[in-house]
Amino acid sequence: MTMIRDIFKRNRERNDPTIPSKAAKDVPEGLMFKCPECKHIVLTKEMAKLQKVCPKCDHHCKMTAHERVESLMDKDSFESIDNHLKSGNPLGFPGYTEKIEADSNKTGLNEAVLTGVGKIDGQPLVAAVMDSHFRMGSMGSVVGEKITRAIELATDKGYPFVIFTASGGARMQEGVLSLMQMAKTSVALKRHSNEGLLFISVLTHPTTGGVSASFASVGDINIAEPKALIGFAGRRVIEQTVREKLPEDFQTAEFLLAHGQLDAVVHRHKMQKTLSSLIKLHTKGAVARG
Amino acid sequence: MAKKVQKSLPFEEPLIQLRKKIIELKEYTENAEVDLSAEITSLETRLEKLEIDIYEDMKPWDRVQVARHPNRPTTLDYLPHVFDDFIELHGDRLYGDDEAIVGGIASFQGQPVTVIGHQRGKDTKENVRRNFGMPHPEGYRKALRLMKQAEKFRRPIICLIDTKGAYPGKAAEERGQSEAIARNLVEMAGLEVPVISIVIGEGGSGGALALGVGNHILMLENSTFSVISPEGAASILWKDSALAQTAAEAMKITAPDLLEMGIIERMIPEIRGGAHHDPLKQAALLSEAIEKSLGELNPLDAEALIDQRYNKFKAIGVFTE
């Protein structure tokens with residue numbers, strides 16, 4: 001064992017001088033983007049223009065909440081709300097507050113969802129965009145509260161509500177309080193729905209667990225990005241319980257579409273247009289009804 | 001037929017030992033004609049004290065054990081003792097009948113109600129049929145159908161929660177487990193009749209919550225309600241499911257915990273040592289709690305009920321502005 005390690009160690013030492021350390025530094029961090037799927041390398045700037053869709057394999061790479069807002073909303077139309085809410089540490093989990101803080105600094109968000117009012121093609125809407133870079137997009141008290149307040153704002157203003165989900169599910173560190181956020185967001189959605197207002201859920205990679213089993217699945221219209229992982233239980237858990245091999249495309253957006261769980265799978269480049277049309281079609285109906 | 005042996009739990013071990021000793025002494029007194037009644041009385045006093053010590057100070061993990069006890073009364077065990085004229089109604093009208101959830105109409109102290117509950121099996125055969133009380137989407141859709149029916153006929157709804165969780169399986173995913181649960185949450189929010197959700201055993205995550213959006217949530221003293229099982233939490237948080245005992249404490253999943261957090265309206269006291277020690281008496285305590293909640297909710301009209309539910313759930317969460 002140690003011998004093998006020594007071999008590699010020697011190699012590394014021998015190779016080190018041949019890689020000019022200066023050259024490596026010549027490429028500033030973040031200039032290039034590597035597709036996690038096909039390893040294709042693109043200029044980050046180019047990738048941003050492509051809305052983080054790989055030009056080679058069409059993989060929809062993860063977006064931050066801010067990137068998502070920029071790619072969809074009319075320029076400078078988006079105003080975020082509730083950025084002042086801060087998670088507590090209700091169960092007193094060691095290190096939880098620090099983890100939240102670290103992710104907050106990393107993402108520039110106060111929690112795993114960005115909410116606010118904006119416009120798509122001049123049409124106002126309230127949007128909530130989850131960000132899987134923040135605690136895997138998991139839902140605790142603040143995520144639940146921000147989404148609930150966003151829905152309430154949409155209800156008050158008579159606006160459509162659009163959510164982009166990206167979440168591993170409920171946040172363990174807040175225990176049953178996290179679970180109850182599923183109910184909290186649901187009671188708010190019911191009120192919004194009773195007003196005859198439109199709710200579009202856009203499921204992006206990944207949307208699982210408690211988020212999948214609450215607001216993500218009950219849009220008037222449910223759409224998903226290609227190949228997004230969407231499901232209630234984790235694949236490994238299911239494989240352990242059913243002891244059978246699951247199909248390759250199990251719990252992908254395409255799998256859900258085939259099983260009648262989605263209205264459509266929409267390419268990211270067509271998302272803005274699709275949302276715009278959907279909102280327009282619903283607004284006209286509302287106007288005609290008076 | 002042999003009487004079912006009461007299964008004891010690890011934390012009850014000192015009690016079992018002491019009881020055994022008392023029985024031995026009693027037998028000895030009878031057979032050997034030696035009077036040991038003084039010793040017996042002293043041991044019985046000790047037993048009583050020990051019972052109080054052990055049962056009055058149950059740790060979260062002890063409660064988890066009691067909540068999972070194989071002899072713990074299930075929905076169908078309580079039904080005949082709490083309600084009259086129960087008629088079971090089957091099927092979701094879409095796919096099938098999921099026996100992990102039972103439901104139907106009954107009368108509670110003369111008032112027609114709809115009762116819906118998770119149903120575990122009593123033995124292996126029944127557990128296979130009922131999938132260990134872990135529902136598929138059709139179970140939740142049956143529950144929703146019965147709730148809508150209750151709403152039409154202005155009957156209060158009583159849900160009994162007792163599940164490890166919604167079933168994590170291939171078929172469940174294909175038929176929309178997520179949507180079935182999510183739909184129940186939203187639709188329950190809008191029900192125009194009183195909804196009382198009572199956790200009688202394990203309240204496992206979304207699969208439990210799908211019957212849990214009630215005006216009142218009540219919990220039996222030794223039941224649990226959690227986002228994940230203690231074993232699951234331990235394996236995710238510390239990569240070691242053996243730490244379940246620690247997780248049970250840390251996750252705050254017991255009835256006293258949820259009462260303190262303001263998530264549940266009240267805790268229903270249990271027979272000392274757990275409901276399985278006397279299901280009949282426990283049923284009476286359950287009836288009492290339902291009567292109290294119904295008494296508070298019956299006078300409310302549809303709008304007030306929906307508002308009450310809205311405000312209840314809207315208030316749950318810990319954060320700073």
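Order of the sequence lines sets the chain letters (A, B, ...), proteins ahead of strands, with each chain counted from 1. Since the model is a prediction, treat every value here as computed from it, not as a measurement.
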Measure Ala171(B) against the heavy atoms of chain A and call it side chain, backbone, both or neither at under 4.5 Å. neither
With a 4.0 Å cut-off, would you call Lys146(A) and Glu321(B) a salt bridge? no
Search all heavy atoms of Val176(A) against all heavy atoms of Lys252(B) and return the closest pair with its distance. CG1-O, 4.3 Å
Heavy-atom pairs under 4.5 Å with chain B are the metric here; pick the option from Gly88(A), Ser178(A), Ala183(A) that has the most. Ala183(A)
Under 4.5 Å heavy-atom distance to chain B, tell me which part of Glu111(A) shows up: side chain, backbone, both or neither. neither
Tell me, for Val186(B) versus chain A, whether the close heavy atoms (under 4.5 Å) come from the side chain, the backbone, both or neither. both
Check each atom of Met261(B) against the heavy atoms of chain A and say whether the ones under 4.5 Å are side chain, backbone, both or neither. side chain
Return yes when atom CD of Glu260(B) has more than 12 non-hydrogen atoms of other residues, nucleotides or ligands closer than 6.0 Å, and no otherwise. no
Working note: Arg149(A) + Lys314(B), criterion side chain to side chain contact (heavy atoms under 4.5 Å, CB included); need CA distance, chi angles, decisive distance, verdict. CA-CA 10 Å; Arg149(A) 289 191 189 184; Lys314(B) 168 76 191 170; 4.0 Å; yes
Tell me if a side-chain donor or acceptor on Lys184(A) pairs with a main-chain N or O of Ile316(B) at a distance below 3.5 Å. yes
Return yes if some donor-acceptor pair links the side-chain N/O of Gln261(A) with the main-chain N/O of Glu179(B) below 3.5 Å, else return no. no
Backbone N/O of Phe232(A) and side chain of Glu173(B): donor-acceptor pair under 3.5 Å: yes
Is any side-chain heavy atom of Leu237(B) closer than 4.5 Å to a side-chain heavy atom of Phe93(A)? yes
Test item: Ser186(A) and Glu187(B) side chains (from C-beta on) under 4.5 Å apart, heavy atoms: no
Please check if the number of heavy atoms outside Glu303(B) that lie under 6.0 Å from its CD is greater than 12. no
Of all heavy-atom pairs linking Met172(A) and Val227(B), the shortest is SD-CG1, 4.4 Å
Answer with side chain, backbone, both or neither: which region of Thr320(B) has an atom nearer than 4.5 Å to a non-hydrogen atom of chain A? both
Contact leader toward chain B among Ala213(A), Ser217(A), Pro247(A), Gly209(A), where contacts are heavy-atom pairs under 4.5 Å: Ala213(A)
Counting heavy-atom pairs under 4.5 Å to chain B, which of Glu152(A), Lys190(A), Arg191(A) comes out on top? Arg191(A)
Can you tell me which portion of Leu85(A) sits under 4.5 Å from chain B's heavy atoms? Options are side chain, backbone, both or neither. both
Using modelled atom types only, decide if a donor and an acceptor are shared between the side chain of Gln177(B) and the backbone of Gly231(A) within a distance under 3.5 Å. no
Interface moiety of Ala233(B) toward chain A, non-hydrogen atoms closer than 4.5 Å: neither
Quick one: does Leu179(A)'s side chain get under 4.5 Å of Ser205(B)'s, heavy atoms only? yes
State, to 0.1 Å, how close Ser141(A) and Phe319(B) come at their nearest heavy-atom pair, and which atoms those are. CB-CD2, 4.3 Å
From OG (Ser178(B)) to CG (Leu256(A)), nearest 0.5 Å: 8.0 Å
Given the options Arg235(A), Gln240(A), Gln181(A), which has more heavy-atom pairs under 4.5 Å with chain B than any of the others? Gln181(A)
Least distance between heavy atoms, Ile263(B) atom then Met180(A) atom: CG2-CE, 3.7 Å
Heavy-atom contact with chain B under 4.5 Å, split by part of Thr148(A): side chain
Going by heavy atoms in the side chains, are Glu174(A) and Val318(B) under 4.5 Å from each other? no
Return the option, out of Ala188(A), Ala170(A), Gly140(A), with the maximum number of heavy-atom pairs under 4.5 Å with chain B. Ala188(A)
Any non-hydrogen side-chain atom of Leu185(B) less than 4.5 Å from a side-chain atom of Thr185(A)? no
Is atom NZ of Lys148(B) surrounded by more than 12 heavy atoms (other residues, nucleotides or ligands) closer than 6.0 Å? yes
Would you mind checking which part of Ile306(B) comes under 4.5 Å of any heavy atom in chain A, side chain (CB onward), backbone (N, CA, C, O), both or neither? neither
